[in-house]
Undergrad: 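Here it is: the structure, laid out below.
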Amino acid sequence: MRRLPSSVCSPSSHHLNPITSMSTGSNSLVWFRKSLRVHDNPALEHASKCSGSMYPVFVIDPHYMEPNQSSFSPGSSRAGVNRIRFLLESLSDLDSSLKKLGSRLLVLKGEPSDVILRCLQEWKVKRLCFEYDTDPYYQALDFKVKEYASSVGVEVFSPVSHTLFNPTEIIDKNGGKAPLSYQSFLKIAGEPSCADSELVMSYSSLPPVGDVGSLGVSEVPTLQELGYRDDEQDEWTPFRGGESEALKRLRKSISDKAWVANFEKPKGDPSAFLKPATTVLSPYLKKFGCLSSRYFYQCLQRVYKDVKKHTSPPVSLLGQLLWREFFYTTAFGTRNFDKMKGNPICKQIPWKEDHDMLAAWRDGKTGYPWIDAIMVQLLKWGWMHHLARHCVACFLTRGDLFIHWEQGRDVFERLLIDSDWAINNGNWVWLSCSSFFYQALSPITYHMDLFFVSKVYLFICLHFLRRCFFGGGIQYNRIYSPISFGKKYDPDGKYIKHFLPVLKDMPKQYIYEPWTAPLSVQTKAKCIVGKDYPKPMVMHDEASKECKRKMGEAYALNKKMNGNIGDEDLRDLRRKLENDEESNIRNQRPKLN
DNA sequence: ACTAAGTTGCGTGT
DNA sequence: ACACGCAACTTAGT
């Protein structure tokens with residue numbers, strides 16, 4: 001077995017009690033939450049060093065897992081069936097890996113801190129090991145568990161191993177604040193400690209599980225045993241959960257060295273679904289930790305070493321891994337990160353509350369096939385390409401509907417198999433132009449040293465100065481078109497036809513705008529717009545113009561108030577914007593007729 | 001006060 | 001494929 005650097009254990013190393021940590025021959029409990037894997041799992045490794053029994057535990061938390069019939073799609077109120085299934089597959093895979101090593105996974109049900117406390121008592125555990133977690137839910141839960149454990153003399157080992165960096169350390173290095181731009185994050189973060197350390201990838205055997213007593217331990221349950229139905233939908237996610245699947249997928253991705261070396265995120269095709277344009281490693285990395293981010297990092301570095309030229313962050317594959325780190329750090333270092341109100345880095349914007357519009361977006365019934373197909377892919381697969389997520393998020397918020405990003409966030413959080421608290425919230429804040437939205441200058445800055453050479457460079461100089469003083473443009477003006485964005489990748493609409501079969505016979509010149517097709521064409525395609533497929537809920541040109549205007553006013557107010565905007569200010573602005581909108585419509589009406 | 005720098009748009013033209 | 005006009009920012013650091 002190979003050792004890890006001690007730095008990975010840092011956040012709670014002060015919990016190492018010199019008296020209890022000497023108690024060899026005692027029992028240990030490894031509590032799995034994320035990190036549903038054997039490889040590079042420091043909590044498991046530490047627990048396995050006990051010379052008594054080791055109890056590997058997973059707690060089924062009713063808070064997340066209680067079936068809810070009144071949700072808009074099958075699942076619990078917090079998770080769709082796709083993600084619950086993905087979790088159960090991950091647990092089964094973990095259980096079978098543990099069984100091969102002479103152990104097994106013990107599944108218990110209940111409020112996790114209650115369950116863990118009972119386990120500690122019943123099994124006379126002396127060492128409790130679980131991965132450190134920055135999500136607010138686990139911060140509160142873990143605090144309770146640690147309090148109890150230290151009060152009864154149980155050693156707690158809680159290493160940072162979900163991320164490459166320790167968010168606490170990065171925030172400290174940055175003077176107590178989370179860095180707000182990717183570039184500044186990279187500068188502060190530097191090299192991760194796993195860059196030159198050996199990771200523990202496997203074991204020859206694990207300590208045996210002791211007597212489990214009367215605590216209601218079970219095997220990994222099935223969907224049906226948990227009370228879910230999966231016969232209500234014809235298509236489900238093609239992605240299977242688990243560490244074995246994660247490692248298989250990783251090996252397949254990195255075996256194509258040229259593909260890894262040339263990976264550039266903004267160039268991927270969001271409409272590719274038969275063979276997605278990205279690795280689809282996110283479900284394995286993010287939510288359940290079936291794949292170690294540190295192992296992935298080392299694999300990428302090995303590939304980069306072997307090739308002459310490769311892309312770099314932010315667009316490279318490594319760049320994607322570091323985006324995850326960036327969002328974890330920012331989310332951990334920001335108060336009320338998942339809310340607009342009371343969030344110091346979030347613009348206060350008078351978003352609309354409109355349940356019907358939200359439901360139309362959520363159910364894939366906006367009347368824009370590109371948007372609806374993406375939302376159907378979310379419902380069916382629990383996964384979409386990153387840029388496809390951008391399109392629907394922009395459409396819901398600042399692009400067309402002007403609905404609150406928190407409501408879109410809730411839908412994603414429930415349905416995505418890779419949904420992750422920090423990354424999901426971070427991306428919604430970003431896409432709604434509520435924070436971190438700055439735009440780089442063009443590479444023309446590189447010509448600075450040539451300014452004096454000729455008239456040509458004088459021109460470039462003037463151009464540069466203009467760009468410099470007036471900036472690269474603010475992003476709320478840059479709206480993804482629900483018609484043309486998809487078209488440039490998939491002019492035939494294959495993606496739309498797969499996820500919206502009602503449009504499968506619509507000719508390709510109308511597939512992105514079926515309401516423009518003559519009635520004879522709609523009849524022939526057996527798809528009458530307004531009957532078989534909805535009419536567009538807003539006209540994009542007008543709606544996006546309206547949104548830009550509202551964003552402009554909201555930004556101006558934020559600037560004027562220096563970010564200190566109260567409920568009343570926001571209500572007044574909302575009223576003003578709505579009045580303006582009405583009078584604009586009134587003024588336009590005569591022209592339209 | 002000033003400067004530097006910040007992940008990924010659209011429509012139109014060649 | 002690439003270039004241009006569009007409209008005309010905000011923050012952190014000095």
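Per chain, numbering begins at 1; letters A, B, ... match sequence-line order.
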Undergrad: Calculate the interatomic distance between A:R478 atom CZ and C:dA7 atom C1'; express it in whole Å.
TA: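 That distance rounds to 10 Å.
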Undergrad: After noting the C-alpha distance and the side-chain angles of A:S419 and A:R83, does the key distance pass the side-chain hydrogen bond (donor to acceptor under 3.5 Å, both in side chains) rule?
TA: CA-CA 9 Å; A:S419 91; A:R83 192 164 75 247; 3.2 Å; yes
Undergrad: Using a strict cut-off of less than 4.0 Å between a Lys/Arg side-chain nitrogen and an Asp/Glu carboxylate oxygen, indicate whether A:K494 and A:D492 qualify as a salt bridge.
TA: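 Judged by the 4.0 Å cut-off on N to carboxylate O distance, A:K494 and A:D492 do form a salt bridge.
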Undergrad: Could you list by number each residue of residues 313-324 of chain A showing a heavy-atom separation from DNA chain B of less than 4.0 Å, or answer none if no residue does?
TA: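 The stretch gives A:P314, A:W323 as the residues lying under 4.0 Å from the strand, ordered by number.
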Undergrad: Does C:dA12 pair with anything, Watson-Crick or G-U wobble, both distances under 3.5 Å, and if so, with which nucleotide?
TA: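 Across all strands, the one nucleotide that pairs with C:dA12 is B:dT3.
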Undergrad: To the nearest Å, give me how far apart CH2 (A:W370) and P (B:dC10) are.
TA: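 My rounded result for the distance is 11 Å.
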Undergrad: Please report the distance, rounded to the nearest Å, between CZ in A:F326 and P in B:dG6.
TA: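 Those two atoms, CZ and P, are 12 Å apart.
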Undergrad: For the residue pair A:R335 / A:N343, report whether a side-chain donor-acceptor contact shorter than 3.5 Å exists.
TA: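 No - no donor-acceptor pair under 3.5 Å links their side chains.
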Undergrad: Report all interatomic pairs (protein N or O, nucleotide N or O of nucleotides 11-14 of chain B) with separations under 3.5 Å.
TA:
residue	atom	partner	partner atom	Å
B:dG11	OP2	A:S484	OG	2.6

Undergrad: So what does A:K267 touch, heavy atoms closer than 4.0 Å: a base, only the sugar-phosphate, or nothing?
TA: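 Counting heavy atoms under 4.0 Å across all strands, no contact is made by A:K267.
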Undergrad: Using whole Å, report how far CG of A:N477 lies from P of C:dT10.
TA: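 Roughly 11 Å, once rounded to whole Å.
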Undergrad: Would you mind reading off the distance between A:Y555 atom OH and C:dA7 atom C1', rounded to a whole angstrom?
TA: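 After rounding, the gap between these two atoms is 15 Å.
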Undergrad: Is it true that A:D135 and A:K34 have a side-chain N and a carboxylate O under 4.0 angstrom from each other?
TA: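 Salt bridge present between A:D135 and A:K34.
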Undergrad: Counting just side-chain N and O atoms, does A:K347 come under 4.0 Å of either OP1 or OP2 of C:dT11?
TA: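 For C:dT11, OP1/OP2 do have a side-chain N/O of A:K347 under 4.0 Å.
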Undergrad: Please determine whether a side-chain nitrogen or oxygen atom of A:K559 lies at a distance below 4.0 Å from atom OP1 or OP2 of C:dC9.
TA: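 So the side chain of A:K559 is outside the cut-off, no N or O lying under 4.0 Å from OP1 or OP2 of C:dC9.
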Undergrad: A:N562 CG to C:dC9 P: how many Å, rounded?
TA: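 The answer, rounded to whole Å, is 17 Å.
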Undergrad: Round to a whole Å and report the spacing from CZ of A:F185 to P of C:dA12.
TA: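 Value for this atom pair: 17 Å.
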Undergrad: Less than 4.0 angstrom from a charged side-chain N to a carboxylate O is my criterion; do A:R294 and A:D40 meet it?
TA: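 Looking at A:D40 together with A:R294, the answer is yes, because their closest N to O distance falls below 4.0 Å.
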Undergrad: With P as the reference atom in both, quote the distance from C:dG13 to B:dT7 in angstrom, rounded to an integer.
TA: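 About 14 Å, rounded to a whole number of Å.
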Undergrad: Give none if C:dG5 has no partner; otherwise give the nucleotide forming a Watson-Crick or G-U wobble pair with it, both distances under 3.5 Å.
TA: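 B:dC10 - that is the nucleotide pairing with C:dG5, both distances being under 3.5 Å.
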Undergrad: How many Å lie between OH on A:Y476 and C1' on C:dA7, as a whole number?
TA: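 The distance from OH of A:Y476 to C1' of C:dA7 comes to 9 Å, rounded to the nearest Å.
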Undergrad: Check the side chains of A:N262 and A:H310 for a donor-acceptor pair under 3.5 angstrom, ignoring hydrogens and angles.
TA: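 No.
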Undergrad: Is A:K365 salt-bridged to A:D372, going by a charged N under 4.0 Å from an acidic O?
TA: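 Looking at A:D372 together with A:K365, the answer is no, because their closest N to O distance does not fall below 4.0 Å.
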Undergrad: Determine whether the aromatic ring centres of A:W361 and A:F395 lie less than 6.0 Å apart.
TA: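 Ring centres of A:F395 and A:W361 not closer than 6.0 Å.
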Undergrad: Is the shortest distance from a Lys or Arg side-chain nitrogen in A:R549 or A:E581 to a carboxylate oxygen in the other one below 4.0 Å?
TA: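 A salt bridge is absent here (no side-chain N lies under 4.0 Å from a carboxylate O).
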Undergrad: The criterion is salt bridge (Lys or Arg N to Asp or Glu O under 4.0 Å); which residues satisfy it with A:D567, sequence neighbours excluded?
TA: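 A:D567 satisfies salt bridge (Lys or Arg N to Asp or Glu O under 4.0 Å) with A:K341 only.
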Undergrad: Looking only at the side chain of A:Y480 (C-beta and beyond, no hydrogens), which of the listed nucleotides C:dT10, B:dG9, B:dG6 gets closest?
TA: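 When the side chain of A:Y480 is considered, B:dG9 is the closest of C:dT10, B:dG9, B:dG6.
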Undergrad: What contact category does A:K488 fall into here, base, sugar-phosphate, or nothing, at under 4.0 angstrom with non-hydrogen atoms?
TA: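 It contacts sugar-phosphate atoms only.
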